[in-house]
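Computed from a predicted model, the values in this text were never measured in an experiment. As the structure lists them, so they are numbered: ligands from 1, and atoms in each ligand from 1.
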Amino acid sequence: MSEFIPVLTQKEIAKRVVEVADAISTDYRDRDLILIGILKGAFVFLADLIRHISIPVKVDFMCASSYGRSTSSSGRVKIIKDVDLDLKNKDVVIVEDIVDTGITLTHLVAHLKSSGAASVRICALIDKQERRQTEIVADYVCHSVEKGFLVGYGLDYAEFHRNLPEVYHLKL
Ligand code: IMP
Ligand code: MG
């Protein structure tokens with residue numbers, strides 16, 4: 001039987017979402033901000049985050065899939081859906097559910113910079129440190145964990161559990 005061990009309550013998540021949204025609103029005042037949500041995992045986080053951002057902001061989405069994660073062999077990332085908005089001279093904040101090895105974000109940051117964005121920063125709901133393989137550092141982080149497979153609040157296991165309003169460590 002799989003076990004769901006509580007990691008973050010709705011209240012804890014909501015508190016940090018407001019704090020991070022405030023920080024972004026301050027840092028990007030008088031700038032041309034575009035938030036880019038990484039599908040699918042970031043959709044719940046982004047939906048809550050954006051409602052606490054108090055400056056003009058545009059939203060777009062990207063979808064990426066990586067190969068070889070289970071073997072950590074290739075670390076190649078394929079972009080399945082690119083952004084629609086013109087990023088030229090815009091300040092971009094990538095909104096991601098969780099940073100694990102960092103391979104996906106390393107690739108996405110390079111891709112967005114090559115699209116002409118003036119700046120690219122990262123906002124992550126969760127920074128999971130144990131398996132990091134790249135130098136990537138998230139600029140805005142709601143919560144840090146050392147390890148564990150997490151589900152809920154957008155995070156899935158085999159596409160399930162995204163609907164849970166809290167975050168759990170799933171023990172299979
Ligand atoms: P990375 O390239 O290894 O950093 O992969 C990050 C992606 O892997 C995230 O966007 C998630 O989709 C997925 N992922 C990594 N860790 C977890 C987890 O604990 N739960 C659910 N998805 C995860
Ligand atoms: Mg993801």
(Q) If I apply the N/O under 3.5 Å rule, does G102 come out as touching ligand 1? (A) yes

Q: Would you confirm whether the ring centroid of F4 sits within less than 6.0 angstrom of the ring centroid of H169?
A: no

Q.
Show me which atoms of ligand 1 lie under 4.0 Å from any heavy atom of D97.
A. 9 (C), 10 (O), 11 (C), 12 (O)

Q. Are E146 and K128 within salt-bridge range, i.e. N to O under 4.0 Å?
A. no

Q. For ligand 1, which atoms sit closer than 4.0 Å to a heavy atom of E96?
A. 10 (O)

Q: Flag the pair R132 and D127 as a salt bridge only when some basic side-chain nitrogen lies within less than 4.0 angstrom of an acidic carboxylate oxygen.
A: yes

Q) Any idea which atoms of ligand 1 are less than 4.0 Å away from a heavy-atom of G148? A) 19 (O)

Q: Return yes if some donor-acceptor pair links the side-chain N/O of S54 with the main-chain N/O of S25 below 3.5 Å, else return no.
A: no

Q: Using a 4.0 Å heavy-atom cut-off, say whether R131 meets ligand 1 through its side chain, its backbone, both or neither.
A: neither

(Q) If the contact criterion is a heavy-atom separation under 4.0 Å, does V151 count as touching ligand 1? (A) no

Q) How are the rings of Y28 and Y140 set relative to one another: parallel (under 30°), tilted (30 to 60°) or perpendicular (over 60°)? A) tilted

Q.
Check this for me - ligand 1, L150, N or O atoms closer than 3.5 angstrom, yes or no?
A. yes

Q: Go through ligand 1 atom by atom and flag the ones less than 4.0 Å from a non-hydrogen atom of T104.
A: 1 (P), 2 (O), 5 (O)

Q | Proximal atoms of ligand 1 relative to D156 (non-hydrogen, under 4.0 Å) | A | 21 (C)

Q | Salt bridge flag under 4.0 Å for residues D27 and R121 | A | yes

Q) What part of I38 sits under 4.0 Å from ligand 1 if we count only heavy atoms: the side chain, the backbone, both or neither? A) neither

Q.
Tell me whether the rings of Y157 and F149 are parallel (<30°), tilted (30 to 60°) or perpendicular (>60°).
A. perpendicular

Q: Determine, for R16 against E19, whether the closest basic-nitrogen to carboxylate-oxygen distance falls under 4.0 angstrom.
A: yes

(Q) Contact between ligand 1 and A42 is defined here as a heavy atom of the residue under 4.0 Å from a ligand atom; is it met? (A) no

Q.
So does L85 get a backbone contact from the side chain of D60, meaning a donor-acceptor N/O pair under 3.5 Å?
A. yes

Q: From atom 14 (N) of ligand 1, work out which of I98, T106, T101, I126 has a heavy atom at the shortest distance.
A: I98

Q: Mark up the atoms of ligand 1 that fall under 4.0 Å of a heavy atom belonging to K128, in ascending order.
A: 16 (N), 17 (C), 18 (C), 19 (O)

